[in-house]
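Taking it in order: structure first as structure tokens, then the write-up.
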Amino acid sequence: MGCGLKLTPTTHYSTHNAQLIPNTHNRHNESDNKLVLKSYAKLNLYLEVLNKRKDSYHNLRTIFERISLSDKISIKKRRDNLITVSCDSREVPSNSLNLAYRAAKILQDKFKIKSGVSIGIEKRIPVGAGLGGGSSNAATVLLGLNKLWKLKLNRQQLAKLGAQLGSDVPFFVYEVKFARGLGRGDVIKPLSALSGVNLWHILVVPKIHVSTPYIYKKWDAQIHKKGRPGVLTRPVPNDKMLCLALKKKSLNSIALGLNNVLEKVTVKFYPEVTVVKEKLASCGVKSILMSGSGPAVFGIVASRKEAADLAAKLKAQHQDWRSFAIKNA
Ligand code: C5P
């Protein structure tokens with residue numbers, strides 16, 4: 001299933017001072033005309049909402065972790081100037097609403113690129129789950145076309161373009177294991193001190209879709225009810241404690257540092273999230289948290305075996321949930 005739209009280039013974007021992005025391991029297969037890339041998902045290990053902004057987004061403090069669950073994206077140059085998207089999942093639009101399409105369109109317009117591109121997406125990341133799948137696909141297309149179209153944009157330039165597509169896109173453009181996200185989540189500070197950290201997870205996604213704008217709207221309503229505008233939340237623990245715990249690889253301290261203030265809003269409207277959390281707790285998992293605005297829930301476990309055993313057990317007991325053994329990537 002594909003969709004082709006005709007494009008008209010618009011403004012020019014300066015590549016002055018751009019640094020080349022080094023080659024990464026994220027490459028299955030490449031030629032001058034085609035790239036096949038992994039597009040990873042993310043978890044939020046920490047998410048604090050600071051305040052509502054004038055542009056109606058919210059300022060956040062979040063810790064992102066890139067995880068091994070990934071989609072496969074092929075990007076192939078076309079002789080005509082069309083951008084087409086095909087995807088093996090019916091849940092993903094194959095038209096101009098697709099973030100991967102929009103990523104290609106932004107670059108094509110800005111740089112007056114004459115050729116088009118065919119984008120193929122093998123979808124493995126659950127959609128609308130709080131795992132950043134659509135944003136990751138957009139970032140992968142930005143990185144891939146930067147190479148195929150020889151644009152020589154650096155990370156900052158790609159992240160700035162990515163932020164126009166979604167708040168989570170810049171994180172994926174940086175291609176790091178862990179990062180702190182500020183602003184609306186789009187201001188990225190890679191956490192290189194954590195690059196040696198390895199975590200195993202059980203990830204469970206109940207088959208429900210959660211709308212992120214809906215959860216933020218409910219968040220605002222909850223704050224107004226409590227009459228606490230301004231600083232919306234002052235959670236103990238904080239993100240620095242969590243980073244220290246991750247660095248020390250102390251599972252007990254990590255459990256104390258995990259925090260997502262959107263979780264209490266989402267569980268109110270989607271009780272299935274609580275069912276998943278309780279199930280993981282009953283399986284002996286100590287560190288459990290919802291990612292983003294949900295409904296994906298993850299637990300941090302001690303080993304690959306523990307993650308795999310739990311995933312197998314949950315798959316057998318709950319066919320209506322998707323369960324994965326994953327690690328950071
Ligand atoms: O940026 P993204 O498209 O992922 O955001 C989806 C929606 O989530 C926004 O339209 C907004 O309603 C909400 N949001 C927010 N504050 C953020 C991120 C997202 O209010 N920092």
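Starting from 1, each residue takes its place in the sequence as its number. Order of listing sets the numbers, starting from 1, for every ligand and every atom in it.
- Annotation: side chain to side chain donor-acceptor pair (under 3.5 Å) contacts of Trp321 (sequence neighbours excluded): Glu272.
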What does the contact table look like for ligand 1 (nitrogen or oxygen on each side, cut-off under 3.5 Å)?
unit_1: ligand 1; atom_1: 1 (O); unit_2: Ser167; atom_2: N; d: 2.9
unit_1: ligand 1; atom_1: 1 (O); unit_2: Ser167; atom_2: OG; d: 2.5
unit_1: ligand 1; atom_1: 16 (N); unit_2: His58; atom_2: N; d: 2.9
unit_1: ligand 1; atom_1: 20 (O); unit_2: His58; atom_2: ND1; d: 2.7
unit_1: ligand 1; atom_1: 21 (N); unit_2: His58; atom_2: O; d: 2.8
unit_1: ligand 1; atom_1: 21 (N); unit_2: Arg184; atom_2: O; d: 3.0

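- Every residue was checked against the ring pair (Phe, Tyr, Trp, His ring centres under 6.0 Å) condition with Phe172, not counting sequence neighbours, and none meets it.
- Side-chain contact, Gln222 with Lys268: no donor N or O sits under 3.5 Å from an acceptor N or O.
- Side chain to side chain, Arg78 and Ser115 fail the donor-acceptor criterion of an N or O pair below 3.5 Å.
- Residues passing the ring pair (Phe, Tyr, Trp, His ring centres under 6.0 Å) test with Tyr57: none are found, sequence neighbours excluded.
- With hydrophobic clusters built from ILVMFWY side chains whose heavy atoms lie under 4.5 angstrom apart, Tyr174 does not share a cluster with Leu153.
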